[in-house]
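Notes to accompany the following structure.
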Number of protein chains: 2
Amino acid sequence: MSVTLKDVAQAARVSVSTASRALTGTGLTSERTQQRLTRIARELGYRPNPIARGLKTGQSRLVALLVHNLTNASFQVMAEVVQARLKALGYQMLLCIGGDDTQQESDTLTTLVDHRIDGLIVVPTGKNGAQLEALAKDVPIVCLVRRDDATDLETVLADDPQGAYLGTRHLIELGHKRIGLIVGRQDTTSGRERLSGYVRALREAGIAKDDTLIHAGHFVPETGATCARKLLDLPRPPSAIFVANHEATLGVLRVTAERNIAIPDDLSLLCYEDMPWFEWHRPAISIVDNGARDLANLAVDRLLHRMDAKGNGSDGVREYRVGARLVQRDSCRRIEATSAARAGKPKSAASKSKSSAAKPAKV
Amino acid sequence: MSVTLKDVAQAARVSVSTASRALTGTGLTSERTQQRLTRIARELGYRPNPIARGLKTGQSRLVALLVHNLTNASFQVMAEVVQARLKALGYQMLLCIGGDDTQQESDTLTTLVDHRIDGLIVVPTGKNGAQLEALAKDVPIVCLVRRDDATDLETVLADDPQGAYLGTRHLIELGHKRIGLIVGRQDTTSGRERLSGYVRALREAGIAKDDTLIHAGHFVPETGATCARKLLDLPRPPSAIFVANHEATLGVLRVTAERNIAIPDDLSLLCYEDMPWFEWHRPAISIVDNGARDLANLAVDRLLHRMDAKGNGSDGVREYRVGARLVQRDSCRRIEATSAARAGKPKSAASKSKSSAAKPAKV
DNA sequence: CGCTAGACTGCAAACGATTGCAAAAAGCTA
DNA sequence: TAGCTTTTTGCAATCGTTTGCAGTCTAGCG
């Protein structure tokens with residue numbers, strides 16, 4: 001079917017081994033044959049068969065990226081970054097969707113190693129630590145975004161404590177004293193870390209932590225809606241909400257829209273992680289950017305380092321933190337000390353609620 | 001490193017070939033040895049090396065999905081569907097991001113074929129027709145979502161004419177007579193087809209086509225904003241806008257927010273293709289669903305069929321159309337014949353525009 | 001001119017599976 | 001038990017590369 005090394009060798013009237021050496025440039029061939037062979041190879045349209053090569057060398061030029069889903073905007077940009085970087089180096093990215101499902105992750109990992117991937121970047125579910133640890137003996141692995149506490153694999157993380165601190169401080173600097181927090185489940189690292197950053201900012205500012213203002217839950221829009229309602233129904237509702245749980249933002253926005261709460265006039269809103277539509281939304285939504293691009297880039301760097309280092313790529317560092325940064329848009333507003341109590345009350349009487357009753361979708 | 005067939009054979013005191021036959025179940029071995037060998041293989045933790053197997057068989061159990069990007073929500077669900085389906089069949093999905101870039105697509109295609117993928121589902125850019133055609137000789141290929149007119153590859157398409165017709169008719173049935181259309185570039189199939197569906201619905205309803213209401217442009221939010229402004233600045237602005245260009249929706253929404261135009265009271269809005277946040281938006285945005293799930297499933301079906309059929313999987317059908325359907329949410333409103341002229345004028349004087357001036361984002 | 005070192009090259013054995021062919025074993029009939 | 005068919009097995013080649021080893025060639029030197 002396709003032209004093989006043998007064909008090239010025949011055309012050049014040399015042995016296969018010479019052809020191989022000339023084309024891979026192992027320097028053991030004369031300048032002349034080397035050039036002649038590259039020319040002939042090009043003319044014949046020869047492209048080495050990675051399978052055959054892989055069989056012999058045990059490498060595949062394949063690097064896998066294993067993420068939970070692709071709905072998460074951060075994963076999207078990470079995938080794109082990783083793909084671009086690897087491609088430039090002649091690797092092909094294998095993007096796998098593990099679905100945050102332990103069994104599936106495990107299966108996928110096995111398949112990947114069977115395929116002799118040269119490296120792996122994984123967002124661990126945290127339940128396959130042992131397996132990951134075992135695989136790490138065969139394949140360079142870097143963990144991304146999440147740490148698997150059962151392993152001591154090299155991990156590239158967002159600086160969630162700092163990000164949450166940054167965001168909370170920003171709101172405090174704008175004069176907010178009652179800041180609602182909607183955060184991820186506390187059995188995840190990021191959930192805990194973001195909470196801790198929030199608490200630290202509060203403490204530094206001398207604001208007492210009020211547990212009624214803090215809600216933790218799953219990474220789904222419904223959570224956002226439920227939490228938002230609870231917050232807004234408080235006797236003294238917050239003047240700002242920090243949604244430190246990406247997917248929950250949708251739910252929060254829906255509730256504010258339903259209740260006709262104007263952002264940022266009636267309520268300041270700050271979110272964690274960007275979504276493409278945040279800056280198109282009116283008001284454009286301010287965020288704490290977790291630095292997905294940087295995370296991905298760093299993960300690739302580290303992985304490549306390990307792959308080069310053949311076995312002992314560890315530089316002793318086990319954990320890398322990528323700084324978060326604040327992106328101010330239009331959803332947070334300065335508040336005067338006195339007007340804090342105004343929050344939560346719609347500025348105009350709800351007069352347009354008529355059309356809110358959702359029509360059931362017809363086929 | 002890992003346990004090979006040879007190890008299994010040795011442990012069982014048979015030859016490698018027997019082991020191979022027993023484990024692949026070619027039926028040429030006695031029941032007893034077969035069972036004995038599977039047991040031993042399991043005990044030893046044997047897993048066949050796909051690389052070695054691939055070298056011999058020319059197959060890789062790898063199927064590639066080549067899309068433009070992952071930002072597009074439709075591509076996300078397609079990727080997830082394809083992955084799930086293939087996985088169940090023991091294939092590993094290679095998700096590649098071609099970036100709508102001709103050269104990159106071409107490179108990727110080459111790499112994929114080198115890796116001896118067993119099948120390919122591709123959203124063609126439309127510029128590498130010749131290459132695709134050539135590859136199709138080696139690998140089963142199914143095109144998805146877009147047709148490459150330079151080829152006669154089997155293609156699974158959304159029924160864009162029907163979808164656009166459905167959407168437009170829906171608006172007409174709600175009483176709209178002046179319906180703005182924001183559609184993709186007219187050098188893409190979907191752009192043309194959606195326009196044609198729109199035109200047909202108009203014609204059927206006896207409404208004259210008004211070219212000032214039709215805008216075509218790139219698939220980016222900016223386009224949406226520009227087109228929306230043009231439409232709303234018209235002497236007789238439309239009472240409904242059909243955004244038949246996915247990415248443009250963001251831009252349209254921004255403009256309506258800026259101008260304080262209430263949806264659906266002042267303007268009905270209907271979009272093409274779903275986005276996860278559409279149903280969380282207030283008002284929830286009605287859409288024409290292009291059936292991404294169905295598309296992906298059908299593409300997989302067709303691909304598998306071709307892969308099985310070894311060479312002549314063509315059933316004569318060159319093109320499959322997956323029906324679109326209307327999902328009614330809250331962004332379209334019935335309009336009385338008389339009040340059509342009201343559209344475009346904000347119902348209340350712009351009083352809250354103060355905070356609209358975007359603060360420039362600080363680092 | 002002969003000899004040796006060094007630079008190139010080719011032979012052949014891997015890598016880990018699959019598979020055609022022929023030999024061995026088993027089952028059957030007479 | 002011989003003779004035949006039908007399973008079942010093993011040998012060895014093969015897929016397309018890479019690579020250790022040994023052989024060939026050239027050049028340089030005395």
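Chain naming here is simple, since letters A, B, ... match the order of the sequence lines and numbering starts at 1 in each. Scope of the values below: all heavy atoms of this structure, side chains included, with no hydrogens, waters or symmetry mates.
Between the CZ atom of Arg116(B) and the P atom of dT17(D) there is a distance of 8 Å, given to the nearest Å. Distance NZ (Lys6(A)) to P (dG10(C)): 16 Å, rounded to an integer number of Å. When rounded to the nearest whole Å, the span between CG of Asp7(A) and P of dG16(D) equals 9 Å. We find that CG of Leu23(B) is positioned 14 Å from P of dT19(C), with the value rounded to whole Å. Counting to the nearest Å, the C1' atom of dT9(D) and the CD atom of Gln34(B) are 14 Å from each other. Spacing between atom CZ of Arg32(A) and atom C1' of dT26(D) amounts to 13 Å, rounded to whole angstrom units.
A donor-acceptor contact under 3.5 angstrom links the side chains of Thr18(A) and Ser15(A), judged on distance only. One side chain, Asp107(B) or Gln103(B), offers a donor N or O that lies under 3.5 Å from an acceptor on the other. Glu105(B) and Thr125(B) form a side-chain donor-acceptor contact under 3.5 Å, judged by distance and modelled atom types alone. Side-chain atoms of Gln59(B) and Asp118(B) form no donor-acceptor pair, as typed in the model, at a separation below 3.5 Å.
Under the rule for a salt bridge (Lys or Arg N to Asp or Glu O under 4.0 Å), the partners of Arg185(B) that lie at least two apart in sequence or sit in another chain are Asp187(B). In this structure Arg146(A) satisfies the salt bridge (Lys or Arg N to Asp or Glu O under 4.0 Å) test together with Asp100(A), sequence neighbours excluded. Among residues two or more places apart in sequence or in another chain, the side-chain hydrogen bond (donor to acceptor under 3.5 Å, both in side chains) test is passed with Thr33(A) by Ser30(A). With sequence neighbours left out, Glu43(B) forms a salt bridge (Lys or Arg N to Asp or Glu O under 4.0 Å) with Arg39(B). For the side chain to side chain contact (heavy atoms under 4.5 Å, CB included) test, residues two or more places apart in sequence or in another chain that qualify with Ala11(A) are Ile40(A), Leu44(A).
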Pick out the pairs of N or O atoms, protein on one side and nucleotides 19-24 of chain D on the other, that lie under 3.5 Å.
residue, atom, partner, partner atom, Å
dG20(D), O6, Arg21(A), NH1, 3.3

Give me the distances for all protein-to-nucleotides 6-8 of chain D N/O pairs that come in under 3.5 Å?
none

With 3.5 Å as the limit, what N/O pairs link the protein to nucleotides 23-27 of chain C?
none

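Using a 4.5 Å heavy-atom cutoff, the side chains of Asn69(A) and Glu80(B) are in contact. Side-chain contact between Leu94(B) and Ile117(B) is present, with heavy atoms from C-beta onward closer than 4.5 Å.
Nearest heavy atoms, Val322(B) versus Gly291(B): CG1-O, 4.2 Å.
Taking five base pairs at each end of the helix from dC1(C)-dG30(D) to dA30(C)-dT1(D), the local helix axes there meet at an angle of 50°, rounded to 10°.
How far CG of Leu62(B) is from CG of Leu120(B): 11.5 Å, rounded to the nearest 0.5 Å.
Residue order along DNA chain D, read from the 5' end via each residue's closest nucleotide, puts Ala19(B) first among Leu5(A) and Ala19(B).
By the neighbour-count criterion of 12 heavy atoms within 6.0 Å, atom CZ of Arg293(B) is sparsely surrounded, having that number or fewer from other residues, nucleotides or ligands.
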Side-chain donor-acceptor pairs under 3.5 Å in residues 83-93 of chain B, sequence neighbours left out?
residue, atom, partner, partner atom, Å
Gln83(B), NE2, Ile97(A), O, 2.9
Arg85(B), NH1, Asn297(B), O, 3.4
Arg85(B), NH1, Asn297(B), OD1, 2.9
Arg85(B), NH1, Asp301(B), OD1, 3.2
Arg85(B), NH2, Asp301(B), OD1, 2.8
Tyr91(B), OH, Arg61(B), NH2, 2.9

Donor-acceptor list for residues 45-55 of chain B side chains, cut-off 3.5 Å, not counting sequence neighbours:
residue, atom, partner, partner atom, Å
Arg47(B), NE, Asp114(A), OD1, 2.8
Arg47(B), NE, Asp114(A), OD2, 3.0
Arg47(B), NH2, Asp114(A), OD1, 2.7
Asn49(B), OD1, Ile51(B), N, 2.7
Asn49(B), OD1, Ala52(B), N, 3.3

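Contacts between residues 41-54 of chain A and DNA chain D, defined by a heavy-atom separation under 4.0 Å, are made by Tyr46(A), Arg47(A), Pro48(A), Asn49(A), Ala52(A), Arg53(A).
Phosphate proximity of dG16(D) to Thr4(A): absent, as no side-chain N or O sits under 4.0 Å from OP1 or OP2.
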